Amino acid sequence: MSSTATAELDEQRISIVRRAFELIDAGDPALLDLYTDDVELYFPKFGFGRGKEDMAEFAQRLWADLSALEHDIDGLDIMVAGDRIIVEGREWGVTADGRRWPDQRVSTGRFCNVFTFRGTLISSVRIYVDPDFTSSHEQKVRQLHRDPK
């Protein structure tokens with residue numbers, strides 16, 4: 001593949017990743033159209049999943065505790081590494097019971113996702129984020145948090 005074709009494919013994949021975040025924020029099931037049928041997923045506490053059915057189950061489980069989710073799409077730090085797109089960013093939202101996050105004390109809404117592509121479809125996504133969005137796991141927060149003074 002020529003360097004021009006590679007650069008064009010990279011830009012197309014970056015655009016697909018940005019679109020994925022838009023669809024995630026909207027809770028739009030059209031998100032599944034961006035994935036291969038055998039897509040692999042990793043999310044803390046959910047574990048590993050494979051296929052669009054597992055992706056849909058994960059989304060249902062995640063949204064069961066959220067009423068709003070938003071990513072800073074314009075502020076995403078996007079890196080290309082071959083067939084992988086690595087994204088660092090920030091997110092915020094509201095839980096189903098009305099708690100806003102991040103709290104900017106313990107939770108900061110930071111995440112890192114690693115998307116692997118097969119052509120122009122996402123074949124794997126690994127999501128690295130603290131799923132305790134509202135810092136409600138008090139015992140673990142007390143154990144690990146260093147309160148800067």
Side-chain angles (χ1 to χ4, degrees), residues 1-137 140-141 144:
M1 186 178 292
S2 73
S3 61
T4 302
T6 299
E8 288 174 3
L9 182 58
D10 290 347
E11 286 304 314
Q12 189 174 12
R13 288 172 171 171
I14 289 169
S15 179
I16 291 165
V17 165
R18 288 184 183 281
R19 180 70 180 140
F21 283 108
E22 292 169 357
L23 294 170
I24 291 165
D25 291 355
D28 190 331
L31 173 68
L32 294 176
D33 296 338
L34 302 180
Y35 297 104
T36 61
D37 289 337
D38 63 345
V39 62
E40 294 179 357
L41 163 73
Y42 170 78
F43 187 89
K45 306 292 188 243
F46 180 81
F48 290 93
R50 186 175 191 88
K52 290 183 179 183
E53 288 180 13
D54 285 358
M55 291 291 291
E57 177 188 352
F58 163 69
Q60 181 180 17
R61 288 173 180 261
L62 183 67
W63 278 99
D65 193 40
L66 297 178
S67 67
L69 174 62
E70 188 172 347
H71 293 85
D72 178 9
I73 296 171
D74 292 335
L76 295 174
D77 186 4
I78 299 174
M79 296 148 275
V80 178
D83 287 340
R84 289 194 170 104
I85 305 288
I86 300 105
V87 179
E88 288 184 307
R90 297 198 58 216
E91 62 186 0
W92 55 90
V94 181
T95 61
D97 63 3
R99 293 175 290 149
R100 295 190 174 281
W101 55 275
D103 64 16
Q104 299 305 331
R105 184 181 75 80
V106 176
S107 67
T108 60
R110 298 186 185 280
F111 69 89
C112 181
N113 290 8
V114 179
F115 296 89
T116 304
F117 278 81
R118 193 177 312 135
T120 57
L121 293 175
I122 301 167
S123 62
S124 173
V125 60
R126 304 208 188 283
I127 303 166
Y128 301 100
V129 65
D130 182 355
D132 180 19
F133 300 123
T134 62
S135 303
S136 60
H137 302 156
K140 194 55 74 178
V141 170
L144 295 176

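As a basis for the values below, the full set of heavy atoms in this structure was taken, side chains included, without hydrogen atoms, waters or symmetry mates. For reference, positions follow the sequence shown, starting with 1. For clarity, every value in this text was computed on a predicted model and none was experimentally measured.
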Rounded distance (nearest 0.5 Å) linking atom CZ of Phe115 with atom OH of Tyr35 | 5.5 Å

Are Trp101 and Thr95 side-chain neighbours, meaning at least one heavy-atom pair lies under 4.5 Å?
-> yes

Determine the interplanar angle of the Tyr42 and Phe48 rings, folded into 0 to 90°, and report it as parallel if under 30°, tilted if 30 to 60°, perpendicular if over 60°.
-> tilted

Atom CD of Gln104: over 12 foreign heavy atoms under 6.0 Å | yes

So with a 6.0 Å cut-off around CD of Glu53, is the heavy-atom count from everything else above 12?
-> no

Applying side-chain hydrogen bond (donor to acceptor under 3.5 Å, both in side chains), name anything that partners Arg18, two or more places apart in sequence or on another chain.
-> none

Will you find, in the side chains of Ser136 and Asp132, an N or O donor that is under 3.5 Å from an N or O acceptor?
-> yes

Quick one: are Asp74 and Asp72 in side-chain contact, heavy atoms under 4.5 Å?
-> yes

Rounded to the nearest 0.5 Å, what's the gap from CZ on Arg13 to OG1 on Thr120? Could you check?
-> 8.0 Å

Would you check if the side chain of Ser123 reaches a backbone N or O of Thr116 as a donor-acceptor pair within less than 3.5 Å?
-> yes

Of all heavy-atom pairs between Val129 and Arg110, which one has the smallest distance, and what is that distance?
-> CG2-O, 3.7 Å

Supply the atom-to-atom distance Ile24 CD1 to Asn113 CG, rounded to the nearest 0.5 angstrom.
-> 7.0 Å

Within the side chain of Asp25, is there an N or O that forms a donor-acceptor pair under 3.5 Å with the backbone of His71?
-> yes

In plain terms, say whether Arg118 and Asp83 are close enough for a salt bridge, that is, a side-chain N and a carboxylate O under 4.0 Å apart.
-> no

In Å and rounded to the nearest 0.5 Å, what is the CZ to OG distance from Arg99 to Ser67?
-> 10.5 Å

Rounded to the nearest 0.5 Å, what's the gap from CG on Asp37 to CG on Leu121? Could you check?
-> 8.5 Å

Which pair of heavy atoms, one from Gly89 and one from Leu76, lies closest together, and at what distance?
-> CA-CD2, 4.1 Å

Contact check, side chains of Val17 and Val87, non-hydrogen atoms, under 4.5 Å = yes

Phe43 vs Val125 side-chain heavy atoms within contact, under 4.5 Å = no

Stepwise side chain to side chain contact (heavy atoms under 4.5 Å, CB included) check, Leu9 with Phe117 | CA-CA 10 Å; Leu9 182 58; Phe117 278 81; over 6 Å; no

Distance from Ile14 atom CD1 to Ile85 atom CD1, nearest 0.5 Å?
-> 5.0 Å

